[in-house]
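Below is one structure, written out as structure tokens, with a few remarks after it.
All of these numbers come straight from a predicted model, not from anything done at the bench. Letters A, B, ... mirror the listed sequences (proteins, then strands); counts begin at 1.
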Amino acid sequence: MFEFTIHNTDNYARVGSFKTPHGEIITPIFAPVGTQATVKAVTPAQLEELSASMVLANTYHLYLRPGDELVAKLGGLHHFMQWQKPILTDSGGFQVFSLTDMRKIDEDGVTFKSHIDGSTHRLTPEKSIAIQENLGADIIMAFDECAPPNDLAYSKEAMIRTHMWAERCIKAKKRNDQALFGIVQGGVFADLREESARVISSMGFPGHAIGGLSVGESKKDMYHTIEVVNAVLPPDKPRYLMGVGTFEDLIEGVWRGIDIFDCVLPTRLARHNAAMTRYGRLNVMNASFATDEKPLDKECQCYTCQHFSRAYLRHLIVAKEMLAATLLSIHNIHTLIHLTTDMRLAIQNKTFDSYAKEALTIYRSKKTQ
RNA sequence: GGACGGUUACCCAAGUGGACAACGGGGACUGACUGUAAAUCAGUUGGCAGAGGCCUUCGGAGGUUCGAAUCCUUCACCGUCCA
């Protein structure tokens, strides 16, 4: 269990597999995010049809509502949300960043004011692990502190706390049917990132994550940070780039040796009326699509593109019909998952370099059909 | 035939002498979104320069005034009531 096997490599890019109690995941993988035990606007059946092989859920949100103990009583997260493939839960560390106005950090943990009703809640490494054990995901994450990326002093503090908390997470962990991943922090600062990668990878985690990226830093800083961290992280464990996301970032990430991605982007953009495609983003609400009979992407094999025109999708959006969010989510998730399968093929064929260059050129040209 | 009330930008609707190119809402248009407080948020919506600026607008015409969407006259249309 939780063995990572590398099947192919092409420079830094790799194809691997990781065994979990709910099946094997093949990497590179993109995992859609279902914070509240649902990938918004998409049914589990639709996710299956999209060949999604793992989804995320969130510790903080499910602890507040409906409560992790209730989920445990109801048979665990897989049964509760009717998803029988692997699940990864985030630890609540991201909420330290995203709910910054409603929490106080100390050395021991974080005190949150609930965004739902204002009540006070305490999250510590031990508590985060206990919640994640109640939820019962296949992969659980160390409780970390995701910090703003460009503040050196703060990044260092947050990194040190993250390391202390990582140790405590390991000690707190009781179940052995869940893989606990450690998280590297350190902002955009190469020396911090190197140190963090060294410390975290010395703790014996079965997988490692890079946190604190795609939170406002430049692309250049993000890509460079990935290189710095991956140079230190052991190659025989899966590498998870948390919260990434865009078509090009997936390519850039795999190129640098990333195996696992997750992101809210495909589902959020869908609800915000945008389509992610090989050739850039389409704001489907644009007036120019009103009479456009073409699919979002003529080469796309997803359900949405196989059946519906841009004009119809735009109509659904303008009429505020909720099917718009579903059809666009299906397309966007398909785009990213299909990209990962393409990248796997290219790695197996040892053509990843040229594949990546061509895909990025098409993407950055933003030439729609 | 008479008495009131009304006519404001794409729509609804505020504004009753100067701070009005005109509140607000809808609609329309455009952009943003990366481990989800996000079916959200931001900008534009008379024309032209596109910062201060200039020009044309508040049913039509005429008038009062230094100055009018706002006051007066008249015409047109809509509504309610009385014959």
Any side-chain donor-acceptor pair under 3.5 Å between A/Ser128 and A/Gln132? yes

Take A/Arg281 and A/Phe247 through the test side-chain contact (heavy atoms from CB on, under 4.5 Å) and record every step on the way to the result. CA-CA 9 Å; A/Arg281 197 171 73 209; A/Phe247 190 89; over 6 Å; no

Spacing of A/Leu336 atom CG relative to B/U34 atom P, expressed in whole Å: 14 Å

Measuring only the C1' atom in each nucleotide, how far is B/U30 from B/U16? A whole number of Å is fine. 37 Å

Describe the nucleic acid contact of A/Leu56 in one word from base, sugar-phosphate, nothing, applying a heavy-atom distance below 4.0 Å. sugar-phosphate

What does B/A3 pair with, Watson-Crick or G-U, if both distances are under 3.5 Å? B/U80

Mind checking what makes salt bridge (Lys or Arg N to Asp or Glu O under 4.0 Å) contact with A/Arg268, not counting sequence neighbours? none

Separation of the P atoms in B/G60 and B/A68, to the nearest angstrom: 15 Å

Roughly how many Å apart are B/C33 and B/A51, using the C1' atom of each and rounding to a whole number? 30 Å

Whether A/His78 and A/His22 hold their rings parallel, tilted or perpendicular, with breakpoints at 30° and 60°: parallel

Tell me what A/Gly34 touches on the nucleic acid: a base, only sugar-phosphate, or nothing, going by heavy atoms under 4.0 Å. nothing

Give the rounded distance in Å between these two atoms: CD1 of A/Ile333 and P of B/U36. 14 Å

Have a look at A/Ser114 and say if it touches a base, only the backbone sugar-phosphate, or nothing, with a 4.0 Å heavy-atom cut-off. nothing

Closest non-hydrogen contact found for A/Phe2 with A/Asp138 is CE2-O, 3.7 Å

Just call it for A/Arg65: base, sugar-phosphate, or nothing, with non-hydrogen atoms closer than 4.0 Å on any strand. nothing

Are any of A/Thr35's side-chain N or O atoms less than 4.0 Å away from OP1 or OP2 of B/U36? yes

Just the rounded figure in Å: distance from P of B/G35 to CE of A/Met141. 14 Å

Across all chains, not counting sequence neighbours, the salt bridge (Lys or Arg N to Asp or Glu O under 4.0 Å) partners of A/Lys219 are A/Glu248, A/Asp249

Mind checking if A/Glu217 touches a base, just sugar-phosphate, or nothing, with heavy atoms under 4.0 Å? nothing

Parallel, tilted or perpendicular, judged at 30° and 60°: which one describes the rings of A/Phe94 and A/Phe97? tilted

Mind checking the C1' distance from B/U57 to B/G47? Whole angstroms is fine. 11 Å

Measure across A/Ala31 and A/Leu56 and return the closest heavy-atom pair with its distance rounded to 0.1 Å. CB-CD1, 3.9 Å

Treat primed atoms plus P, OP1 and OP2 as sugar-phosphate and everything else as base, then score nucleotides 25-30 of chain B 5' to 3': B for base contact with protein heavy atoms under 4.0 Å, S for sugar-phosphate contact only, - for none. --SSSS

Counting any heavy atom closer than 4.0 Å, what does A/Lys113 reach on the DNA or RNA strands: base, sugar-phosphate only, or nothing? nothing

Which whole number of Å gives the distance between the P atom of B/U80 and that of B/G15? 23 Å

Residues which pass side chain to side chain donor-acceptor pair (under 3.5 Å) with A/His163, listed by chain and number, not counting sequence neighbours: A/Ser196

Taking only the C1' atom of each, what is the distance from B/G59 to B/U70 in whole angstrom? 15 Å

C1' spacing across the pair B/G17 / B/U65, given as an integer number of angstrom: 9 Å

All salt bridge (Lys or Arg N to Asp or Glu O under 4.0 Å) counterparts of A/Arg168, not counting sequence neighbours: A/Asp108, A/Glu126

For each nucleotide in nucleotides 38-46 of chain B, reading 5' to 3', give B when a protein heavy atom comes within less than 4.0 Å of its base, S when such contact involves only the sugar-phosphate, and - otherwise. BSB------

Roughly how far apart are A/Thr162 OG1 and A/Phe143 CZ, rounded to 0.5 Å? 9.0 Å

When the P atoms of B/G25 and B/U40 are compared, how many Å lie between them, rounded to an integer? 16 Å

Return yes if the base of B/G35 and the side-chain atoms of A/Asp144 contain a donor-acceptor N/O pair under 3.5 Å, otherwise no. yes

Categorize A/Ile183 for me: base, sugar-phosphate, or nothing, with a 4.0 angstrom heavy-atom threshold over every strand shown. base

